[in-house]
Amino acid sequence: MFLPIVFLLINNWFFAESYSDTCSNVRQLYLNMALGSPKDVPYSLQAGVLCPVSRGCCTAEMEKSFAKRVKRDFASASRVYFQHVYNLVKTRSEHFEMSIERYILHNARISLQSCSLLHSNETQLPINTSNDIHLDNHKQRVMDVYGNISHYFNRVYVNKDISIRRILKKFVNDSLAVRKRLKGTSCINDIADRLEAALNAAWLIKENLKFGRSLFGSIKQWRVSDSCVDSLVEMSYCSMCNPNHIFQFTKPCSKYCVNVQKGCLAPVLQISSKVTEWSRLLQSLLQDLQHNNSLQQSISDLNHLVHSTLLSESVDDICSHEAYYFNDPSKGILEYHLTTLSEELERLEHVFDTLPYQLCDKIQDPSQPGSETHCWNGTAMSTYNCHIAENGLYAPNPTQRVLGDPMLSNQESRLKELIAMLYEHTGVAPSPTPQIDINPEDMCWDPPPRLPVTSDDNDDNMSDKRDHETVPAPLNPPDSSASSPSSPSSLTGINLVLLLLLLSYLN
C-alpha cells in the first residue's frame, strides 16, 4: 500500500530537481566569465528588465553586471584608437611649431655669421661702417629683427597695427641712420609682404593644430550614453538569458553589430566628416606654404635684405644688390616637417569612419560558428533585416536612440568656425553639406519567405546546412517554455496522471 506513495514522492522529487535549476548552464557561464556572484542568477525562468527575452535567466542584477562589462570593454577598445589619433596630432603640432621657431632662429645665426664675414673683409664695407662698434650695433639690430619676426609669428604683440613692413623698415632706418620715411623701396615692401603672408599661413596652421589637440583630447575623454550601453548589452549578453541557446554559438549579425557601434559613436562620427574637411583645407594651406607663399624663400629674401643693408650706404643701394643666397642646411629639416605634417593630415581624413567596423572585428571571432542567415539579431537567432545606418547624430539608427554630447557639440561649433576661417584664407569655395533624408521606417523590413530545400542539396558541410535549411526564428519569438518538455505545466500533467493511477489502485 505504501509503495505507490513512495513512488509518487520520488517522482515529485526527481522532476522538481529537473526544473528547479533551469538556469544552471547560465549560472556556470556567468561564473566562468567573472561577471558577478552566482546569487545573481535565478533558479527558474522569469521576466527580464532590459534583455528582450519574455522569460529567461537574467535578472536586473545580472544586467547591471553586463552593463559594467560592456562599458569597460567599449571604453578600452575605443580609447586606444582615440589616444593614437590624439598622440599623432599632438606630436605633429609640437614639431611644426618648434620647426618654425628653430628655422627663424637658425637664419638669424646665418645673418650674424654673414655680418662677421663681411666685417673681416673691410674692403666690401662702406667707409663709415668699418668699425667694431658699428658691427656690434648692426648685429643687435639683426637679432632684433628676427626676434620681432618670431614674435609676429607667435602673435606676441598686443598692438594689431604691427606689420612686417614696419619691422623691416625700422631695421633699415636704424642701420642706415635714416630719419625720414622710406619711399620708393619696392623691394623691401615685396620681401615684407611675402614674408607676412607666409607667417600668417604658418600661424593659422599652428592655431588649427592647437585646436586639433583640444578636439581629439575631448574625444579621448568622451563617455558613451546609457542608450548605447543598453544596446551593447542586448548585442553582447542578452542571448545568454535564453537557457536553450548555446552562448558560444550566438554570434551577433555583422550589420547589427555595425549599427550598434555607429549608434554609440554617433557624436564622434558627427565630427568625423568635419575633421575630413578641416584636414583637407590644412593640407591645401601647407602646400601653399611650401610653394606659392614659401616660408623658406621668404626667410631667404630676408637674409639677403640684411646682407644688402650692411653693404649699402643709402636706401637706394639696397635694392640694387644682386641676390645673395646662403647655405641653409636647416631648410631640408623644415621641408621634412612640413611634408610629414601633410602626410599625417591626410591620414585624418575619415579618421573615425572605420572605427565601428574595427570594433566589430574585435568582438566577432572568425572561428565562431554562425552566418548572416543564422546569427543573433538582438532578440533571437535569425537574420538581421535592417540596413546599415549612416554616420552622425541625424541619421536614424534601428538599434538605439542616438544622443549628442554637449562637450563634443561645443567642439564641433568651434571646428566649424575654423573651417570657415580656412575657406576665407585659402579662397576655396565651401562644399555643400549632404542632407540625410532617410525614413526610419524604411531602415528594416520583414524577412522574405524561405525557399523550400530540394533533394539535390546533399552537402556534407553542417554549417551550410544549418544556414540554409534551418528556418530562422521570428524577431519576437513566442515563449519557448510553453512547449518545453521540462516546463512546470508538463510536469504538473504527469503528476496528475500518476495521482489518478494511485487513487484507482487504493480503491
Side-chain angles (χ1 to χ4, degrees), residues 97-120 122 124-126 128-183 185-203 206 294-319 321 323-328 330-331 334:
E97 186 172 354
M98 189 182 304
S99 62
I100 298 295
E101 291 283 356
R102 287 183 175 179
Y103 189 71
I104 295 174
L105 178 61
H106 182 77
N107 278 273
R109 292 172 180 170
I110 290 177
S111 293
L112 291 176
Q113 291 173 2
S114 69
C115 293
S116 299
L117 290 174
L118 286 174
H119 186 262
S120 64
E122 295 182 355
Q124 298 183 14
L125 296 177
N128 60 345
T129 62
S130 57
N131 56 77
D132 294 336
I133 297 177
H134 179 82
L135 178 63
D136 291 340
N137 293 336
H138 187 76
K139 284 185 175 181
Q140 184 60 49
R141 286 189 290 270
V142 170
M143 291 302 298
D144 290 343
V145 73
Y146 280 95
N148 289 332
I149 289 172
S150 178
H151 291 165
Y152 183 88
F153 167 67
N154 291 301
R155 296 300 193 265
V156 174
Y157 295 114
V158 179
N159 185 3
K160 296 182 179 180
D161 294 334
I162 294 295
S163 65
I164 300 297
R165 280 193 179 189
R166 283 193 174 191
I167 294 173
L168 296 189
K169 286 184 177 181
K170 183 179 185 304
F171 166 74
V172 173
N173 279 336
D174 294 342
S175 298
L176 301 179
V178 177
R179 295 292 177 260
K180 61 181 180 179
R181 294 186 60 187
L182 296 179
K183 295 182 180 180
T185 53
S186 59
C187 66
I188 298 177
N189 292 339
D190 291 343
I191 292 173
D193 292 343
R194 288 195 297 269
L195 180 57
E196 185 168 329
L199 290 174
N200 287 338
W203 174 83
K206 184 189 75 169
S294 172
L295 179 63
Q296 297 96 316
Q297 183 60 46
S298 301
I299 295 292
S300 178
D301 293 341
L302 175 62
N303 292 341
H304 171 66
L305 175 65
V306 172
H307 183 84
S308 300
T309 303
L310 187 60
L311 293 174
S312 303
E313 293 183 349
S314 64
V315 177
D316 296 333
D317 295 339
I318 295 177
C319 297
H321 287 286
Y324 181 84
Y325 294 100
F326 302 90
N327 183 20
D328 184 7
S330 64
K331 184 177 180 179
L334 178 62

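Predicted model only: the values in this text are computed from it and were never measured.
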| query | Can you check side-chain contact (heavy atoms from CB on, under 4.5 Å) on Ile149 and Leu199, steps first, answer last? | reply | CA-CA 9 Å; Ile149 289 172; Leu199 290 174; 3.6 Å; yes
| query | Under the side-chain contact (heavy atoms from CB on, under 4.5 Å) criterion, do Val306 and Arg141 qualify, and how do the steps go? | reply | CA-CA 10 Å; Val306 172; Arg141 286 189 290 270; over 6 Å; no
| query | Do Tyr152 and Asn200 pass the side-chain contact (heavy atoms from CB on, under 4.5 Å) test, and can you show the C-alpha distance, the side-chain angles, and the key distance before you say yes or no? | reply | CA-CA 9 Å; Tyr152 183 88; Asn200 287 338; 3.1 Å; yes
| said: For a side-chain contact (heavy atoms from CB on, under 4.5 Å) check, start with the C-alpha distance between Leu295 and Ile299, then their side-chain angles and the critical distance, and finish with the verdict. | reply: CA-CA 6 Å; Leu295 179 63; Ile299 295 292; 4.2 Å; yes
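Counting only heavy atoms from C-beta outward, the side chains of Val145 and Lys170 never approach each other to under 4.5 Å. Within the 4.5 Å cutoff, the side chain of Asn148 has no heavy atoms near those of the Ile162 side chain. No side-chain heavy atom of Lys206 sits less than 4.5 Å from a side-chain heavy atom of Ile100.
Judged as a side-chain hydrogen bond (donor to acceptor under 3.5 Å, both in side chains), and not counting sequence neighbours, the contacts of Arg165 are Asp193. In this structure Glu97 satisfies the side-chain hydrogen bond (donor to acceptor under 3.5 Å, both in side chains) test with no other residue, sequence neighbours excluded. Here Arg102 pairs with nothing under the salt bridge (charged side-chain N to carboxylate O under 4.0 Å, His left out) rule; sequence neighbours left out. Listed by chain and number, the residues in a ring-ring contact (aromatic ring centres under 6.0 Å, His included) with Phe153 amount to none (sequence neighbours excluded). Residues satisfying the side-chain hydrogen bond (donor to acceptor under 3.5 Å, both in side chains) criterion with Ser294, sequence neighbours excluded, are Gln296. With sequence neighbours excluded, the residues satisfying side-chain hydrogen bond (donor to acceptor under 3.5 Å, both in side chains) with Glu101 are Ser150, Asn154.
From Asn107, atom CG reaches atom OG of Ser298 across 11.0 Å, with rounding to the nearest 0.5 Å. A distance of 10.0 Å separates OG in Ser111 from CE in Met143, rounded to the nearest 0.5 Å. Here Leu195 contributes atom CG and Leu168 contributes atom CG; the two are 6.5 Å apart, rounded to the nearest 0.5 Å. A distance of 11.0 Å separates NE2 in His106 from CG in Leu334, rounded to the nearest 0.5 Å. The structure places NZ of Lys169 at 13.0 Å from CD1 of Ile164, a figure rounded to the nearest 0.5 Å. Atom CD1 of Ile104 and atom CZ of Arg109 lie 13.0 Å apart (nearest 0.5 Å).
Between Glu196 and Ser163 the shortest heavy-atom distance is OE1-CB, 3.8 Å. Residues Ile191 and Asp301 come closest through the heavy atom pair CD1-O, 3.8 Å.
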